[in-house]
Amino acid sequence: MITTLHNDRLLRALRRQPVDVTPVWLMRQAGRYLPEYRATRARAGNFMRLCQTPELACEVTLQPLARFPLDAAILFSDILTVPDAMGLGLSFSEGGGPQFARPVHSAADIKRLFVPDPEVELRYVMDAVRLIRQELRGQVPLIGFAGSPWTLATYMVEGGSSKDYVRIKSLLYDQPESLHRLLEITTQSIIAYLNAQLASGAQALMVFDTWGGILTPRAYQEFSLAYLSRIVAGLVRKTGDEQAPVILFTKGGGAWLEEIAATGCDAVGIDWTLNLGDARRRIGDRVAVQGNLDPAVLYASPDRIRQQVAHVLADFGPGPGHVFNLGHGIQPGTDPEHARVLVEAVHELSGPYHASTGR
């Protein structure tokens, strides 16, 4: 699928190439803070049906682009579609978090797992990617994504969200071989899933390691980072003369920034607990940086939002290699007009940082 991109700022920034202004997109930019999203979800009946209906997934993916001058679309889906496709029975309680009907609690449970075929068990995601690319008509790039092996394993073992991670950490320390078997099959599944997204039309990829930050440094290296490196190495990223860029994001992973940058990824996502200037100094010119406004800033007044956007841009400084984003997903109670202020402020205020290198 070859389509001329009218706006390629995101891809250029991820490749550390010159841009005219800093590109911006928002984690969870299609979501409950938008009234049109809530209307589409109500029409779908529930969250899973929304994810599993390509036409509706396409509709909500495009909704924020109709409102804001964003520089990327991100596939609307959920990181837990992969374990659901393995037979764990995913559901979402109304107003609550995810739950698995058949969580992984034993070696026998792990043995029953299989690598889903992206064009069979996850065909609805691939159909959504193909439809979104078609409907974008080259407006902006499409980002595909997956959860990290460690993060998926956390949900699979805990059976859903957790506050204390007792089950997964017990498995890690008491039966590490079993956890590695789980992470192995999850890694194989994610590689197949992401490669299928690329083949279906995704132009960049992001891996969300949401719970990597709960690990000790030694455990992070063994049970998260090693598998993130495997994923990057296993992707078939060549598209024409360029490679599809890959962003790795470990929430709470600032202590391991250099190690994440050394995986072979193109960009490292940063949460709001790390100064972007410090991050840039630590990794040098190896990879691009994405982030990192605190999502709570969007509860402030427009003037305060612009002020905080200016701080983030100044922290990174001049030159290529910055994709502006939140430090985590946009919150459901956010005023959509405040998201507009953020996006427009990034474009307006970032121009001087690219004056000597922009196209």
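Taking Asp278 as the reference, Asn275, Arg281 meet the side chain to side chain contact (heavy atoms under 4.5 Å, CB included) condition, with sequence neighbours excluded. Looking at residues two or more places apart in sequence or on another chain, you find a side chain to side chain contact (heavy atoms under 4.5 Å, CB included) between Arg167 and His105, Val157, Glu158.
Using modelled atom types, no side-chain atom of Arg43 and backbone atom of Leu56 make a donor-acceptor pair closer than 3.5 Å. Under a 3.5 Å cut-off, the side chain of Asn325 and the backbone N or O of Trp25 do form a donor-acceptor pair. When atom types are taken as modelled, the side chain of Gln29 and the backbone of Leu26 share a donor-acceptor pair closer than 3.5 angstrom. Of the possible donor and acceptor atoms, one in the side chain of Ser350 sits under 3.5 Å from a partner among the backbone N and O of Thr22. Checked by atom type and distance alone, the side chain of Arg286 never pairs as donor or acceptor with a backbone atom of Ala261 at under 3.5 Å. Of the possible polar contacts, none joining the Arg12 side chain to the Gln17 backbone as a donor-acceptor pair under 3.5 Å is found. Side chain of Glu119 to main chain of Met126: no donor-acceptor pair is present (N/O by atom type, distance under 3.5 Å, no hydrogens or angles). Between the side chain of Arg181 and the backbone N or O of Lys111 there is no donor-acceptor pair closer than 3.5 Å. Within the 3.5 Å criterion, the main-chain N or O of Arg49 finds a donor-acceptor partner in the side chain of Asn46. In this structure, the side chain of His328 does not engage the main chain of Lys251 through any donor-acceptor pair within 3.5 Å.
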Next on the checklist: side chain to side chain contact (heavy atoms under 4.5 Å, CB included) for Leu131 and Glu55? Distances and angles first, verdict last.
Outcome noted: CA-CA 7 Å; Leu131 184 57; Glu55 294 76 15; 4.1 Å; yes
Next on the checklist: For Arg280 and Asp285: C-alpha separation, side-chain torsions, deciding distance, then whether side chain to side chain contact (heavy atoms under 4.5 Å, CB included) applies.
Outcome noted: CA-CA 8 Å; Arg280 191 179 187 186; Asp285 296 335; 5.5 Å; no
Next on the checklist: The test is side chain to side chain contact (heavy atoms under 4.5 Å, CB included); show your working for Leu113 and Val104 and say whether it passes.
Outcome noted: CA-CA 9 Å; Leu113 296 174; Val104 175; 4.2 Å; yes
Item to check | Residue pair Ser161, Gln99: steps toward the side-chain hydrogen bond (donor to acceptor under 3.5 Å, both in side chains) verdict | outcome: CA-CA 8 Å; Ser161 301; Gln99 297 174 322; over 6 Å; no
Next on the checklist: Checking Leu293 against Gln308 for the side chain to side chain contact (heavy atoms under 4.5 Å, CB included) test, could you report, in this order, the C-alpha distance in whole Å, the side-chain angles of both residues, the deciding distance, and whether it holds?
Outcome noted: CA-CA 8 Å; Leu293 189 73; Gln308 294 299 318; 3.7 Å; yes
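Atom SG of residue Cys58 and atom CZ of residue Arg133 lie 12.5 Å apart, to the nearest 0.5 angstrom. Separating the NE2 atom in His322 from the CZ atom in Phe316 is a distance of 6.5 Å, to the nearest 0.5 Å. Between the CG atom in Asp127 and the CG atom in Leu122 there is a gap of 11.0 Å [rounded to 0.5 Å]. Expressed to the nearest 0.5 Å, how far CZ of Arg123 lies from CD of Glu121 amounts to 12.0 Å. One distance of note links CZ of Phe92 with CG of Leu50; it measures 10.5 Å at 0.5 Å rounding. With rounding to the nearest 0.5 angstrom, the OG atom of Ser189 is 5.5 Å from the CD1 atom of Ile185.
A pairwise comparison of heavy atoms in Pro103 and Gly159 identifies CB-CA, 3.7 Å as the closest pair. The two atoms that bring Leu182 and Ala153 nearest to each other are CD2-CB, 3.8 Å, heavy atoms only. Here the closest non-hydrogen pair linking Tyr353 and Gly317 is CD2-C, 3.5 Å. The two atoms that bring Leu228 and Ser148 nearest to each other are CD2-CB, 3.8 Å, heavy atoms only. Between Ala196 and Pro118, the shortest heavy-atom contact is CB-CB, 3.4 Å. When all heavy atoms are compared, the tightest approach of Pro245 to Gln203 is CD-O, 3.4 Å.
Leu11 is listed as a side-chain neighbour of Leu5, based on a closest heavy-atom distance under 4.5 Å. Taking the side chain as every heavy atom from C-beta outward, Asp8 and Leu10 never approach each other to under 4.5 Å. By the 4.5 Å heavy-atom criterion applied to side chains, Val346 and Val21 are not counted as neighbours. Looking only at side-chain heavy atoms (C-beta outward), Asn292 and Asp271 stay at 4.5 Å or farther from each other. In this structure the side chain of Phe145 never reaches within 4.5 angstrom of the side chain of Leu205, judged on heavy atoms. In this structure, Val287 and Leu248 have side chains that are not in contact, with every pair of non-hydrogen atoms separated by 4.5 Å or more. At a threshold of 4.5 Å between non-hydrogen side-chain atoms, the residues Leu326 and Leu298 count as touching. Within the 4.5 Å cutoff, side-chain heavy atoms of Gln331 are placed close to those of Thr334.
With respect to Glu344 and Arg306, no salt bridge is recorded, no charged nitrogen being found less than 4.0 Å from a carboxylate O. Residues Arg38 and Glu36 are not paired through a salt bridge, judged by the lack of any N-O separation under 4.0 Å between the basic side chain and the carboxylate. Classification of Arg237 and Asp266 as a salt-bridged pair holds, one side-chain N sitting under 4.0 Å from a carboxylate O.
Put simply, Trp256 and Ile231 are part of the same group of oily side chains (I, L, V, M, F, W, Y) that touch within less than 4.5 Å, one to the next. Hydrophobic clustering (side-chain heavy atoms under 4.5 Å, transitive across Ile, Leu, Val, Met, Phe, Trp, Tyr) groups Met206 together with Leu274. In the hydrophobic clustering of ILVMFWY residues, with side-chain heavy atoms under 4.5 Å counting as a link, Ile168 and Ile110 come out together. Residues Tyr155 and Tyr165 share a hydrophobic cluster, clusters being chains of Ile/Leu/Val/Met/Phe/Trp/Tyr side chains in contact below 4.5 Å. Linking Ile, Leu, Val, Met, Phe, Trp and Tyr residues whenever their side-chain heavy atoms come within less than 4.5 Å places Leu171 and Tyr173 in a single cluster.
In the displayed structure, Asp164 atom CG is contacted under 6.0 Å by more than 12 heavy atoms of other residues, nucleotides or ligands.
Under 3.5 Å, the side chains of Arg230 and Thr187 contain no donor-acceptor pair of N or O atoms. In summary, the side chains of Thr151 and Thr154 do not present any donor paired with an acceptor at a separation below 3.5 Å, with no hydrogens or angles considered. Side-chain contact annotation: Tyr220 with Trp150, donor-acceptor N/O pair under 3.5 Å absent.
Ring centers of His180 and Phe223: under 6.0 Å apart, within the cut-off.
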Just distance, no hydrogens or angles: give the donor-acceptor pairs under 3.5 Å from side chains in residues 71-88, sequence neighbours left out.
from, atom 1, to, atom 2, distance (Å)
Asp71, OD1, Asn7, ND2, 2.8
Asp71, OD1, Arg9, NH1, 2.9
Asp71, OD2, Val24, N, 2.8
Asp71, OD2, His347, NE2, 2.7
Asp78, OD2, Leu80, N, 2.9
Thr81, OG1, Asp78, O, 3.1
Thr81, OG1, Tyr193, OH, 3.1
Asp84, OD1, Leu90, N, 2.8

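The aromatic rings of Phe208 and Phe249 lie perpendicular to each other, with more than 60° between the two planes, well past the 30° mark.
Geometrically, Arg41 does not engage Phe47 in a cation-pi contact, judged by NZ or CZ lying under 6.0 Å from the ring centre and within 45° of the ring axis.
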